[in-house]
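For reference, the structure discussed in these notes is given below.
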Amino acid sequence: MARTKPRLYRGFRDVFAADVLARNRMINTVRQVYERYGFVPLETPAIEYVEVLGKFLPESTQPDGGIFSLHNEDEEWIALRYDLTAPLSRVVSMYPELPRPFRRYQVGPVYRFEKPGPGRFREFYQFDFDSVGVPRADADAEICCVMADTLEAVGIQRGDYIIKVNDRKILNGILELTGYNNLDKIVEGDIPIGPAKGKPYRRQITSDDIFRAIDKLDKVGIEGVELLLTGGRLDESGDYTPGCELSDDALEKILGYLNAKKDSRKEVCDLLAETIGDSEIGKEGVEELRTIDSHLTALGYDESRVIFDPTVVRGLSYYTGPVFEGELTFEVTDESGNSKSFGSVFGGGRYDDLVKRFTGQMIPATGASIGVDRLLAALKHLGRIDTKSSTAHVLVTVMDKNFRTEYHKLAHSLRQQGINTEVYMAGGNIGKQLKYADKANIPIAIIAGDREFEDGKLQIKDLWLGRDLSEEVEDRETWRTERPAQFEINADELLENVKTILNQYKLL
RNA sequence: GCAACCGUAGCUCAGAUGGCUAGAGCGCCUGACUGUGGAUCAGGAGGUCCCCGGUUCAAGUCCGGGCGGUUGUACCA
């Protein structure tokens, strides 16, 4: 009979103890920060109606790519949530009795039907917090504070991260200045360069594509952005991306805007105010940034933590005002040996129109979201994660089956004192049991047979110490006869001995 | 979606121009005191060489198609 082959669906993964434990710890830390600001927990289902999730039903009969969707029994489209913000906006419009402002946090898996990459999965955790019902920019300033506090709480040092802020209204203002704010045209022609040279292309270009191009600054550099805004760009795989074919004048304005980088937030605001000229929407954006700046400054969140950066776009999404990006700035080397900064782990912004699609009324909201797994990867990289893969701190070994009850009683008494204790339940000699403890990363083993029980003694073994000592032991004989890191103790002194060892490993 | 590269043991890979009974390191299992982790030593298990078809006396190796993976790019809430 053909057996079933165990396999994982592309982009999904199993997560084992060490990683789950580390993630739980991190989530706990983050939760404490969110709660310190008064955010309250919310849980929503993983599945929602497609139209609730957002703009994924064009006029076609199928939801857009990018999400996991299926038909329900009534032939309606439902889908796995791809973020936690759309469900929040549904909740806000479904329960008008909720207190406003509604400030909630939510953590859980979200799903995206995209090509997975290294560290990029189709199921991953996000940890969001949002303020719904607050139009004022001090709410945005608060988001920045929470972001900074959170990153520091989980162990990212000041200087190893930066919160970057921009405002969509300013971006829109710039677009307005260039005259391309309602851009919608078809560009077509023959690919001018590369392996596919001569092949015809045809592409619809809208204002969004200008943002898209700007958003790629990190990836393709300023020259790349320039190409994307003008004639088009050939990437290293030989793929050609048609450009926006902007005028020289417009290009110049955009590039000038992207250069409005200064060390101080105030200077950036001044520079942007100058660049933005008479654009009403642009001026509004600058005012918002000024308000955020003054709040942050008053609270002592200076440019070492939060800066204004005109190049931040944050995708296309639903953002309507300030946008935030929490970036880790320390360098990492990828597998091809290039060093680059770790990148963004925290993102968000103001989205004043998101609830409107349900209720018709504008309900302002602002918030941010942690890419939990990416942040976890960063902490691992920094060595700020202990990778314990066990919950047991003590393994009671079974040397003599006749004493099985005794072993369980020993374990029970330790548990009652709050010590996580496991009794070895499978068969096998002592060596096998110690190997198990070693592999499971359990720090202490207790060994006892008839000799010990007769004398009221126990053998207690510090396995982690033994592991270190073993590096100096040359031959098998001394290892076995000396039994490093193993002590005989009186049975009634077990608890204090266990505690002493666990304290050394900071496990209590 | 498009493009390039890749697919041999659980993992990392070796197997010039077609000629094997397909190998190595690591890992895994057993043993070296039936009361002790590591190192060492001695054994052992483990492969339809991704799948299907073609060329050939002969295919892990060449050709076609599929599937899967990696990377880049597009999209990205």
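Letters A, B, ... mirror the listed sequences (proteins, then strands); counts begin at 1. This one's a predicted model, so the numbers in the text were calculated from it and none came from an experiment.
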Does a side-chain N or O of [X] approach OP1 or OP2 of [N] to a distance below 4.0 Å, or not?
X        : N     : result
A:Lys216 : B:C75 : yes
A:Arg10  : B:G68 : no
A:Arg212 : B:C76 : yes

Atom CG of A:Leu228 and atom C1' of B:C75: how far apart are they, to the nearest Å? 14 Å
Can a donor-acceptor pair be found, under 3.5 Å and without considering hydrogens, that links the side chain of A:Arg112 to the backbone of A:Tyr82?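 A pair under 3.5 Å: yes.
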Searching all strands shown, indicate the nucleotide that pairs with B:G53 (Watson-Crick or G-U wobble; both distances under 3.5 Å).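 By the stated definition (distances under 3.5 Å), B:C63 pairs with B:G53.
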Step by step, work out the salt bridge (charged side-chain N to carboxylate O under 4.0 Å, His left out) result for A:Asp352 and A:Arg350. CA-CA 6 Å; A:Asp352 285 346; A:Arg350 173 167 285 281; 3.0 Å; yes
[X] side-chain proximity, nearest of [options]:
X        : options             : value
A:Asp83  : B:A77, B:A74, B:G35 : B:A77
A:Lys115 : B:G35, B:A77, B:U71 : B:U71
A:Asp209 : B:C75, B:G35, B:A77 : B:C75
A:Lys219 : B:U36, B:U73, B:A77 : B:U73

Row check, A:Tyr111 ring normal vs A:Arg122 NZ/CZ: under 6.0 Å, within 45°: no
Salt-bridge present (A:Asp373, A:Arg13; N to O < 4.0 Å): yes
Say we look at B:A59 and B:G19: how far apart would their P atoms be, to the nearest angstrom?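 The same atom, P, in both gives a distance of 11 Å.
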